[in-house]
There are 2 protein chains.
Amino acid sequence: MASGHPKLQELAKEITDKVFRPAYCNYAVLAHLGNTDGWMKAMLTLCNPGEGVLVGVWTYPSALACMLPHNIKPVLVAMDGEGIRADALRDLLLGWDAEARRMPRPHVMYTIPVGQNPTGATESAARKKDIYDVCVEFDVIIVEDDPYYFLQEGSYRPKESRDSMRRGQLTTAEFVEELVPSYLRFDYQGRVVRLESFSKTLAPGCRLGWFTCNPLFAERLERQAETSTYAPCGFTQALVITTLSKWGLDGYLRWLQGLQNQYIVRRDYLVDCLADEFDLRMGTAPCDVDCFSGCDVYTAYLKPGHSIMTEKQRLTDEPLFSFVPPTSGMYVWLKLHFERHPKHGTMDSNDLELALWKELAEAGVLFGPGQLFAADVAVPYLPTDRISSVVGSATAITTVKEAEDEGHFRISFSDAEFDDLKKAISIFSRVIVNFFRTS
Amino acid sequence: MASGHPKLQELAKEITDKVFRPAYCNYAVLAHLGNTDGWMKAMLTLCNPGEGVLVGVWTYPSALACMLPHNIKPVLVAMDGEGIRADALRDLLLGWDAEARRMPRPHVMYTIPVGQNPTGATESAARKKDIYDVCVEFDVIIVEDDPYYFLQEGSYRPKESRDSMRRGQLTTAEFVEELVPSYLRFDYQGRVVRLESFSKTLAPGCRLGWFTCNPLFAERLERQAETSTYAPCGFTQALVITTLSKWGLDGYLRWLQGLQNQYIVRRDYLVDCLADEFDLRMGTAPCDVDCFSGCDVYTAYLKPGHSIMTEKQRLTDEPLFSFVPPTSGMYVWLKLHFERHPKHGTMDSNDLELALWKELAEAGVLFGPGQLFAADVAVPYLPTDRISSVVGSATAITTVKEAEDEGHFRISFSDAEFDDLKKAISIFSRVIVNFFRTS
């Protein structure tokens with residue numbers, strides 16, 4: 001069965017019922033092979049060639065790369081510290097000029113609402129509600145790509161103000177209640193396609209997840225599976241079914257809670273490392289067209305007493321990079337302040353980003369270069385004339401332009417050993433200070 | 001890695017080297033998720049919307065169903081007892097009128113060369129060579145969907161003339177030598193994409209196989225996997241790698257030889273059952289535009305002494321159905337002689353086929369209704385005006401027309417217990433005789 005083993009569907013439905021609680025009852029669940037496969041299938045089911053998909057200005061590159069060969073293009077929406085902005089989305093759709101853009105008004109939105117890849121941003125319940133209302137107004141289907149849902153770590157607190165046993169005492173009911181709601185909770189019209197994955201919860205590489213959506217879409221998605229991947233691998237299905245059946249829902253939720261705690265520790269550890277290596281100063285992002293806006297932003301400066309200080313006093317007063325400690329997911333998104341770099345003005349920020357990325361890689365540290373995740377440039381084979389036609393509203397264009405002075409890195413804290421994380425940040429400190437000093 | 005674990009690729013390459021022996025050395029192998037997934041990826045990589053794919057008049061319906069949403073249409077090529085006809089293919093391409101057909105000349109061919117689904121036909125080495133030459137002449141890429149390759153059973157011989165221990169004594173080298181060559185053997189230009197699957201050899205539902213093709217195509221196929229299915233499920237890869245590594249190539253070939261023997265026994269058993277229930281008379285297919293042409297055809301009549309004989313003497317002299325015992329694969333393809341049916345002329349042959357199919361299903365026997373596999377009608381949502389534009393050459397049109405007086409069933413002998421096979425054929429005998437007598 002291309003829709004998954006009946007028992008797997010039953011288990012998926014139980015989790016959906018108890019955790020995601022859709023606003024309507026006759027929703028359908030069916031298996032897919034991980035969220036990248038799920039998005040490919042949803043996109044092919046929902047879009048026609050020549051159409052556009054609404055995406056944040058920073059997003060998962062594979063989500064775009066799978067669209068472009070079908071002549072389905074990204075339409076950029078401005079983001080703030082909570083991800084895609086509802087007001088920017090509404091402005092974009094309200095002012096849509098199909099002729100100027102050579103594209104009908106988009107009717108599909110792709111979002112990673114929790115621990116967004118790459119920015120780490122998480123859409124609050126209120127934000128989701130606002131976006132949902134805009135999608136109702138303009139008849140937009142929401143594809144919720146939510147692999148990091150259970151990695152909701154909450155706010156970062158500096159080491160000294162942290163009480164060590166804040167979580168872990170919750171009942172599973174309390175654990176579920178604390179999680180930000182899925183779009184499904186607001187979905188009274190059946191316009192959400194939720195992509196859920198076991199890859200981040202049971203085993204990476206197990207390539208198994210499920211769609212939750214209305215039965216009409218589910219029927220089409222099943223037909224599509226029958227003519228491509230067919231059923232998910234039987235061995236994985238058997239392993240996952242057996243594991244979840246043995247654990248029961250409560251056991252699975254306890255497992256997820258344990259996982260969440262591990263990610264809290266990892267997130268805290270990474271930010272602590274940054275605090276150890278740099279002089280972190282907290283503030284609020286000033287700009288309302290920035291993916292940090294509304295958040296407490298940490299900006300990193302050279303530490304007083306750093307060996308380099310005597311050489312170049314100015315570095316202690318100039319920001320190297322900024323970030324918002326993520327409240328979910330597995331990524332820290334760094335904004336690199338290349339406007340302070342000696343070569344700023346003579347070197348493009350993307351080139352500076354790549355130069356620093358290479359130095360880091362050569363020193364043994366692999367970060368994700370930010371330009372990979374820029375929805376307008378993520379795809380090198382997109383002809384320039386198409387880019388100009390798909391870049392979003394005035395707001396979005398501003399956002400993209402703002403970013404031109406900056407570089408970005410995505411740091412993943414999902415699987416490195418603690419010692420390696422520490423070592424990586426130490427190397428990063430050495431390399432970036434050197435980079436700003438001498439490059 | 002979307003291309004599969006390096007060890008899996010190594011094993012796939014070893015099998016390809018030793019068994020399929022491509023005509024060039026720098027070929028690439030990479031994993032896919034079973035041949036349906038492989039074909040979907042190959043088709044999306046090789047074809048653009050508005051183009052056509054060359055297929056036999058009877059073929060695997062999912063192969064077509066995955067093309068149509070992308071506006072990629074089947075172009076029918078006549079078949080004979082060896083599958084797709086090289087001469088019909090050449091005529092079709094030579095006389096291609098892009099304007100009349102509203103389609104550029106196709107540059108991709110899809111074929112199931114061994115134990116074809118549904119006809120059971122197997123392309124000989126000579127046929128493959130001829131088809132390859134035509135494909136060179138007209139620059140056609142050949143996608144060889146070959147899941148039944150190792151189920152080469154050889155000719156059927158009636159029970160009484162069979163020596164029971166003909167096979168099973170072969171060395172693995174002899175076993176490999178006896179197999180009909182893959183298109184790869186003739187592929188001096190790198191125009192073959194071979195789809196190999198473990199589903200029919202190690203475990204159905206394991207959803208694992210591999211492409212063999214030139215490195216240029218392989219790079220594109222890998223990019224496509226990265227944006228859809230990503231890597232095959234890690235558990236399956238681990239199981240298959242461990243099994244094959246433990247067995248070694250020789251062990252795997254012995255396993256395949258054992259499997260082949262099982263299929264020989266099953267094929268023989270099914271045909272024996274038909275011989276028990278019906279009066280089978282052997283002849284040669286008279287018509288050169290028929291998928292039995294060139295073969296020894298068995299035609300089934302009511303057995304002398306059948307209880308019905310006294311009632312309707314004529315049935316013993318009138319053919320009920322014909323078939324060619326397959327030399328490969330897991331299907332027997334029956335041609336139902338509805339031209340002898342009392343309602344012939346007042347009822348469409350597809351309706352007669354469906355009526356008989358329903359009676360059989362209600363009696364507990366599930367055959368595949370032939371119309372599902374007709375490449376011109378397999379897809380109900382294909383608008384009529386498109387069908388007329390894609391039906392193949394004059395030859396192909398004739399073939400399809402000829403078929404209008406006939407019905408077809410596909411019988412699978414892959415997994416039923418022997419007792420069930422026997423029972424099914426006994427029920428079939430009762431139902432078909434009754435159907436021809438009274439319907």
Side-chain angles (χ1 to χ4, degrees), chain A residues 1-2 4-5 31-45 47-50 60-71 197-199 202-209 220 223-240 242-243 378-379 381, chain B residues 1-2 4-5 31-45 47-50 60-71 197-199 202-209 220 223-240 242-243 378-379 381:
Chain A
M1 276 184 46
H5 191 283
H32 58 60
L33 279 70
N35 283 14
T36 307
D37 173 63
W39 164 242
M40 175 78 158
K41 285 181 172 138
M43 181 273 294
L44 286 178
T45 297
C47 301
N48 285 315
Y60 175 50
S62 287
L64 305 185
C66 80
M67 290 157 47
L68 291 157
H70 300 283
N71 193 24
S197 173
F198 289 115
S199 285
L202 284 183
C206 78
R207 310 312 304 154
L208 188 65
R220 291 285 85 191
R223 294 292 88 74
Q224 200 178 122
E226 283 171 354
T227 56
S228 56
T229 54
Y230 208 73
C233 160
F235 297 126
T236 312
Q237 288 198 72
L239 283 165
V240 169
T242 309
T243 305
V379 200
Y381 47 93
Chain B
M1 277 184 45
H5 191 284
H32 59 60
L33 279 71
N35 283 14
T36 306
D37 173 64
W39 164 240
M40 174 79 159
K41 285 179 173 139
M43 182 273 295
L44 285 178
T45 298
C47 301
N48 285 316
Y60 176 49
S62 287
L64 306 185
C66 80
M67 290 158 46
L68 291 158
H70 300 284
N71 193 25
S197 174
F198 289 114
S199 284
L202 284 182
C206 78
R207 310 310 306 152
L208 188 65
R220 292 285 85 191
R223 294 291 90 74
Q224 200 179 122
E226 283 172 353
T227 56
S228 58
T229 55
Y230 208 73
C233 161
F235 296 127
T236 312
Q237 289 198 71
L239 282 165
V240 169
T242 309
T243 305
V379 201
Y381 46 91

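Order of the sequence lines sets the chain letters (A, B, ...), proteins ahead of strands, with each chain counted from 1.
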Could you tell me which portion of [X] (side chain, backbone, both or neither) has an atom closer than 4.5 angstrom to a non-hydrogen atom of chain A?
| X | answer |
| --- | --- |
| A63(B) | neither |
| H70(B) | side chain |
| L208(B) | neither |

Notebook entry, point to check: If you tally heavy-atom pairs under 4.5 Å against chain B, which of S62(A), S228(A), G234(A) wins?
Noted result: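 Ranked by heavy-atom pairs under 4.5 Å with chain B, first place is S228(A).
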
Item checked: Reported NE2-to-OG1 distance for the pair H32(A) and T229(B), which is rounded to 0.5 angstrom -> 13.0 Å

Check: At what distance, to the nearest 0.5 angstrom, does CG of D37(B) lie from CG of D37(A)?
Finding: 8.5 Å

Item checked: Minimal non-hydrogen separation, P232(B) against R207(A), with atom names -> C-CG, 4.1 Å

Check: How far apart are the closest heavy atoms of C66(B) and T227(A), and which atoms are they?
Finding: CB-O, 3.2 Å

Notebook entry, point to check: Given the options G205(B), A231(B), C233(B), which has more heavy-atom pairs under 4.5 Å with chain A than any of the others?
Noted result: C233(B)

